[in-house]
There are 2 protein chains.
Amino acid sequence: MPIQKVTKQEVVTQALLLFKKRGYHRTSMADLAAACGLLKGSFYHYFSSKEALMKEVLEAVHSYFKAKVFVIAYDESFAPRERLEKMLAKQIKVACATEGGCLMGNMAIETALVTDEFRPVMRAFFDEYLKALAHVYSGKYDALKARQLAEQAMVEYEGAWIMVKLTDSSHYLQDVLERAMLRFDADEKQ
Amino acid sequence: MPIQKVTKQEVVTQALLLFKKRGYHRTSMADLAAACGLLKGSFYHYFSSKEALMKEVLEAVHSYFKAKVFVIAYDESFAPRERLEKMLAKQIKVACATEGGCLMGNMAIETALVTDEFRPVMRAFFDEYLKALAHVYSGKYDALKARQLAEQAMVEYEGAWIMVKLTDSSHYLQDVLERAMLRFDADEKQ
DNA sequence: GTCTATAAAACGATAGAC
DNA sequence: GTCTATCGTTTTATAGAC
């Protein structure tokens, strides 16, 4: 085997960083290749197209969240309330670790009405995300209410990123976490 | 004097439709000109650049919301609760009238980390939006709580669009409205 | 020699600007 | 319409590991 400058894994990681920060259409293959120390032509030995690369990035994000975030919701070594707090805190921590917020949310906004290519993986991500959150809330609420609370936490989180990006102040994310906990603690009635 | 095929107003309106649906980077000047029945060359008679055009579109949206949406919050001929419901319903109606959701939210996600050009007008929009919502909630809550409730309604609304775009089901927007009303009706304590 | 990851060059299409 | 630049992509050539 000839010398390989980077692994496919590293390419996906670099692409994730760029796509998160600059979006899909504003990130060129030359940018992506340069981030890996390659020329854009060489890039096609790893991926057949920019679209295929983005799909792999989205799938990698989904896998990561399954293994590191969603899994918390089903960890019975913690009480439901603790799981909720840990899962949301982990999600915020992961998203804040690199620039650009939530890639899935960003791509939904940027591409959902332009191409159907990424829709299945994005829908699968948010489906599992909502199921995980609803599972935690179902520790205290009935299935319908749990689902509603999950959807509420999710849309609050995604919307908060708009304000974070515009104001560079991250308190909006912490507020989402706090409100999700308050709703967990609140009485079932109303 | 040469005949002007379309007014600047109409160009801004057509651009708004395209930018909402396809985003900033995926919309070309040729697309925009074609939507107005103009040749590419004629387009720069109206605007000096694509950036300048987008800025005018964003300002037009801001003006429209001031006159048609935010103004509801300050209309003393209705009770605060009615104003809240009318304002949120109007905002949803306006956004749903054409494809693409909320242009301000879309552009914040797509461009905020790529260019500073649009940030001032987007921040001004959300500032006034939050002020309007907080003003309504302040009919029943203290200033801090009113501001928090305003921020919550706003981030819920923006995040809901992600699910609407991915699932083509608009119940997420109605849920945002209903929860905002429930929070208005709720007791001040907790 | 074969295989393969890279660089290099060039493709057609399309971008924004004039 | 024309310009120049750049886009995503493809092709060709090179160089090193078997």
Side-chain angles (χ1 to χ4, degrees), chain A residues 1-59 103 106-107 110-111 113-118 121, chain B residues 2-6 8 10-59 100 103 106-107 110-111 113-118 121:
Chain A
M1 266 240 284
I3 298 161
Q4 195 170 306
K5 277 186 153 183
V6 291
T7 66
K8 189 162 178 173
Q9 249 271 31
E10 288 166 340
V11 173
V12 170
T13 301
Q14 290 301 317
L16 167 60
L17 293 178
L18 279 174
F19 281 140
K20 259 190 73 167
K21 188 176 172 184
R22 317 242 324 153
Y24 181 69
H25 297 104
R26 189 73 178 239
T27 304
S28 70
M29 294 299 272
D31 294 335
L32 292 160
C36 302
L38 296 172
L39 293 179
K40 60 175 177 173
S42 316
F43 224 66
Y44 286 80
H45 276 267
Y46 294 87
F47 301 96
S48 60
S49 68
K50 190 182 180 185
E51 251 183 21
L53 169 56
M54 176 54 99
K55 261 195 234 180
E56 288 215 35
V57 169
L58 292 174
E59 278 158 13
L103 180 72
N106 296 351
M107 287 305 103
E110 188 183 344
T111 72
L113 266 60
V114 166
T115 173
D116 291 333
E117 273 299 311
F118 310 135
V121 55
Chain B
I3 300 162
Q4 195 166 283
K5 278 182 97 172
V6 293
K8 192 163 175 171
E10 289 166 336
V11 173
V12 170
T13 301
Q14 291 301 317
L16 167 60
L17 295 178
L18 279 174
F19 282 141
K20 259 190 72 167
K21 187 176 174 184
R22 317 243 323 153
Y24 181 68
H25 297 106
R26 190 72 180 243
T27 304
S28 71
M29 295 300 273
D31 293 336
L32 292 160
C36 301
L38 294 173
L39 296 175
K40 282 201 294 179
S42 320
F43 215 71
Y44 284 82
H45 168 72
Y46 295 88
F47 301 96
S48 60
S49 68
K50 190 182 180 185
E51 247 183 24
L53 169 57
M54 176 54 99
K55 259 195 237 183
E56 289 216 35
V57 170
L58 293 174
E59 278 157 13
L103 180 72
N106 296 351
M107 288 306 103
E110 188 183 344
T111 72
L113 267 58
V114 166
T115 173
D116 292 332
E117 273 299 310
F118 310 134
V121 55

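These numbers come from a predicted model, not from an experiment. Each chain gets a letter, A, B and so on, in the order its sequence line appears, and its residues count up from 1.
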Asker: Checking A:Ser28 now: which residues fulfil side-chain hydrogen bond (donor to acceptor under 3.5 Å, both in side chains) with it, not counting sequence neighbours?
Answerer: A:Asp31
Asker: Under the ring pair (Phe, Tyr, Trp, His ring centres under 6.0 Å) rule, collect the residues that match up with A:Tyr24, sequence neighbours excluded.
Answerer: A:Phe19, A:Phe118
Asker: Please list, by residue number, the residues of residues 41-48 of chain A whose heavy atoms come closer than 4.0 Å to an atom of DNA chain D; answer none if no residue qualifies.
Answerer: A:Gly41, A:Tyr44
Asker: Rounded to whole Å, how long is the line connecting atom CE of A:Met29 with atom P of D:dT9?
Answerer: 6 Å
Asker: Among all residues two or more places apart in sequence or in another chain, which pass the side-chain contact (heavy atoms from CB on, under 4.5 Å) test with A:Ala34?
Answerer: none
Asker: Going by side-chain contact (heavy atoms from CB on, under 4.5 Å), name the residues that satisfy it together with A:Tyr46, two or more places apart in sequence or in a different chain.
Answerer: A:Gln4, A:Val6, A:Lys8, A:Val11, A:Leu38
Asker: Find the distance A:Lys50:NZ to D:dG8:P and express it as a whole number of Å.
Answerer: 4 Å
Asker: Whole Å only: how far is the CG atom of A:Leu39 from the P atom of D:dC7?
Answerer: 14 Å
Asker: For B:Lys40, what residues pass the salt bridge (charged side-chain N to carboxylate O under 4.0 Å, His left out) criterion, not counting sequence neighbours?
Answerer: none
Asker: Go through residues 19-28 of chain B and report each residue with a non-hydrogen atom lying under 4.0 Å from DNA chain C, sorted by number.
Answerer: B:Thr27, B:Ser28
Asker: Just to be sure I understand the rule, does A:Leu38 reach a base, reach only the sugar-phosphate, or reach nothing, if contact means heavy atoms closer than 4.0 Å?
Answerer: sugar-phosphate
Asker: Roughly how many Å is it from CG in B:Leu32 to C1' in C:dA17, rounded to a whole number?
Answerer: 14 Å
Asker: Report yes or no: does B:Glu56 contribute a side-chain atom to a donor-acceptor pair with the main-chain N or O of B:Val12 at less than 3.5 Å?
Answerer: no
Asker: Go through the structure and list residues passing salt bridge (charged side-chain N to carboxylate O under 4.0 Å, His left out) with B:Glu117, not counting sequence neighbours.
Answerer: B:Lys55
Asker: Using salt bridge (charged side-chain N to carboxylate O under 4.0 Å, His left out) as the criterion, list what pairs up with A:Lys21, not counting sequence neighbours.
Answerer: A:Glu99
Asker: D:dG1 base to B:Lys40 side chain: any donor-acceptor pair below 3.5 Å?
Answerer: no
Asker: To the nearest angstrom, how far is A:Met54 atom CE from D:dG8 atom C1'?
Answerer: 15 Å
